[in-house]
Amino acid sequence: MNPYVPILVLTALGAAFAVLSVAGSFLIGPRRHNRAKLDAYECGIEPTPHAVGGGRFPVKYYLVAMLFIVFDIESVFLMPYAVAFGKLGLFALVEMVLFMVTVFVAYAYMWRRGGLDWD
Amino acid sequence: MEFGRDSIWLVLAKAALIFVFLVITTLLAIWAERRIVGRMQSRPGPNRTGPFGLLQALADGLKLMLKEDLVPRRVDRLVYLLAPVIAGTTCFMAFAVVPFGPEVTIPFTDTRTALQLTDLPIAVLFVLAVASMGVYGILLAGWSSGSTYPLLGGVRSSAQVISYEIAMGLSLIAVFLFAGSMSTSRIVAEQAEIWYVFPLFVSFAIYCISMVGETNRAPFDLPEAEGELVGGFHTEYSSMKFAMFFLGEYINMITVSAIATTLFLGGWQAPWGISQINDGMFNEGWWPLLWFVGKLWAFLFVFIWLRGTLPRLRYDQFMRFGWRGLIPVALVWVVFISAWRQLLDSGVDARRYVIIVCGAVLALLVVWIVIDSIRMARGGEAPSDRSAPTAEDGPIDPFAGGFPVPALPGQQLLRTAGPSGPVLGVDTVVTGEATVRTADDEGPADGRDSQEVRGG
């Protein structure tokens with residue numbers, strides 16, 4: 001059997017549980033209609049109106065997502081290197097350090113330009 | 001060990017057992033958390049439902065099941081319903097590759113099977129991938145709720161999880177380097193002589209910190225910072241949909257603890273001392289299950305302990321710690337440990353010099369981080385050429401930037417009707433519709449007025 005099949009079995013089990021419990025509470029739970037209950041919850045005040053199209057967001061989150069991609073790719077590159085470390089020898093080590101220094105330049109630039117400040 | 005030999009019935013039985021194990025551990029963890037935190041705060045905690053209050057979590061779950069299933073008016077219906085299902089599904093997946101024990105004979109049969117559902121050559125990578133998928137549940141829940149606080153909580157939470165996932169991924173590289181594999185059963189087998197927590201303590205420390213950040217637990221539980229975000233991403237969820245997020249959080253906690261056990265604490269292997277008794281009899285058969293569950297609960301206890309002890313971090317402190325502290329340390333540690341391994345393999349005698357150089361680099365980095373944090377603590381400006389917004393006296397429109405901002409000392413806050421109301425503060429002054437209030441006179445005299453406007 002393919003070793004991925006058991007993962008699918010466990011996933012199906014989890015999904016069935018999640019769907020059944022959400023559906024179950026929908027069927028079992030009471031329903032008492034109330035206009036205010038269906039409003040967005042903001043501690044009792046009138047909910048803030050939402051801008052059309054989602055409004056504006058602090059650009060910090062975008063920077064975090066971009067940096068995440070850079071570093072995630074870096075660790076994805078490092079993983080096969082680590083696994084095959086015994087067979088690759090000194091050459092791979094030097095190459096890997098060069099690669100990490102290259103990424104580190106981008107990181108240092110980001111730091112210097114204030115991309116990692118959150119205040 | 002070989003995988004992929006089990007019959008479909010055995011796979012089904014194992015999957016069902018893992019499912020039951022996770023649900024029961026979750027119920028016990030919730031009970032343990034409430035009891036232990038209760039003890040830490042000099043109160044008994046729940047002790048009425050069942051012996052020692054053990055059935056409290058189950059009773060709470062049943063109560064949630066019987067609650068009204070609310071769907072607020074402004075939600076994006078499909079995504080809103082999908083998000084808790086994603087959160088409740090992905091949390092189970094990672095446990096498919098966690099080794100509970102070695103090969104055992106199933107009682108009353110001759111079948112031998114590993115106490116592990118399956119294993120992949122890239123098992124740990126799979127765990128990291130599934131952990132990332134869990135973020136979708138949080139992000140989509142926040143986005144689809146059509147409400148302010150869930151949106152902020154969801155975005156915050158995803159930024160937090162992905163930030164700490166980098167440090168987590170980098171800390172695991174040293175483990176792969178030592179084990180020469182990403183398969184969980186192989187990593188456990190490689191730790192027969194020494195658990196990786198000893199040679200790779202830095203990795204272990206980074207992993208432990210980032211696993212708390214990754215699971216949104218105290219002191220890093222910013223997405224649920226109730227003082228600023230109400231309930232965070234699950235504010236608009238009720239009934240079983242809320243329970244799915246709750247379950248997901250606890251199972252994620254169990255998963256990261258199990259991975260920490262597997263990668264650093266020798267997995268199911270008996271602790272040193274016990275493992276020597278009688279030619280390793282405690283490392284065979286069903287005994288390993290005991291060691292595995294024991295180590296798992298040690299981590300869960302630390303999670304609860306942290307929650308009972310530490311106050312929540314501020315968001316900028318938290319992000320600075322992740323990006324400026326953990327990630328550079330993890331990167332330098334990877335270089336250091338690679339160089340170290342290379343020297344061990346090649347048997348060069350100049351080992352000492354390289355250790356000195358690497359140690360010096362590491363020490364420099366630590367000093368740099370300390371200096372940086374001291375400078376930040378003193379309130380000094382970070383080295384950047386951004387110009388800080390200067391506080392100008394006079395009226396400001398809180399919604400001018402698109403989202404509400406409070407007034408700085410000396411500024412006057414214009415009361416507008418939100419972003420959809422009059423946009424420019426000058427206009428509202430001219431028409432005289434908005435009340436102008438200075439930031440200083442916030443006191444008892446003003447209480448009645450603000451109560452009227454805010455509606456309590």
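Remember, predicted model here, so these are calculated numbers, not experimental data. The sequence lines fix the lettering, A, B, ..., with proteins before strands; numbering per chain opens at 1.
- B:I173 contributes atom CD1, which lies 8.0 Å from atom CE of A:M96 (distance to the nearest 0.5 angstrom).
- Using a 4.5 Å cut-off between heavy atoms, B:L120 contacts chain A through its side chain alone, with no backbone atom that close.
- Interface remark: of the candidates A:P6, A:A18, A:A12, A:A84, A:P6 forms the most heavy-atom pairs closer than 4.5 Å to chain B.
- B:S338 touches chain A through backbone and side chain together, each having a heavy atom under 4.5 Å away.
- With a 4.5 Å cut-off on non-hydrogen atoms, B:E236 touches chain A through its side chain but not through its backbone.
- Here A:P30 is the residue among A:S75, A:G29, A:P30, A:A65 with the most heavy-atom pairs under 4.5 Å with chain B.
- Within the 4.5 angstrom heavy-atom criterion, only side-chain atoms of B:M244, from C-beta onward, approach chain A.
- Your options are A:V76, A:I28, A:T11, and the one with the most heavy-atom pairs under 4.5 Å with chain B is A:T11.
- Contact of the A:L10 side chain with the B:M93 side chain is not registered, since no non-hydrogen atoms from C-beta on lie closer than 4.5 Å.
- Although no hydrogens or angles enter the test, the distance criterion places no donor-acceptor pair under 3.5 Å between the side chain of A:Y61 and the main chain of B:S158.
- Using a 4.5 Å cut-off between heavy atoms, A:L67 touches chain B through backbone and side chain atoms alike.
- Taking 4.5 Å as the limit, some side-chain heavy atom of A:F68 sits within range of a side-chain heavy atom of B:E165.
- No donor-acceptor pair under 3.5 Å is formed between the side chain of A:S25 and the backbone N or O of B:D69.
- Here the straight-line distance linking atom CG of B:L22 with atom CZ of A:F17 works out to 11.0 Å at 0.5 Å rounding.
- Between the CZ atom in A:F71 and the CH2 atom in B:W323 there is a gap of 6.0 Å [rounded to 0.5 Å].
- Contacts between B:F178 and chain A at a heavy-atom distance below 4.5 Å are absent for every atom of the residue.
- Between B:V11 and A:V5 there is no side-chain heavy-atom pair separated by less than 4.5 Å.
- The part of B:S7 that comes within reach of chain A is its backbone (N, CA, C, O), which places non-hydrogen atoms under 4.5 angstrom from that chain.
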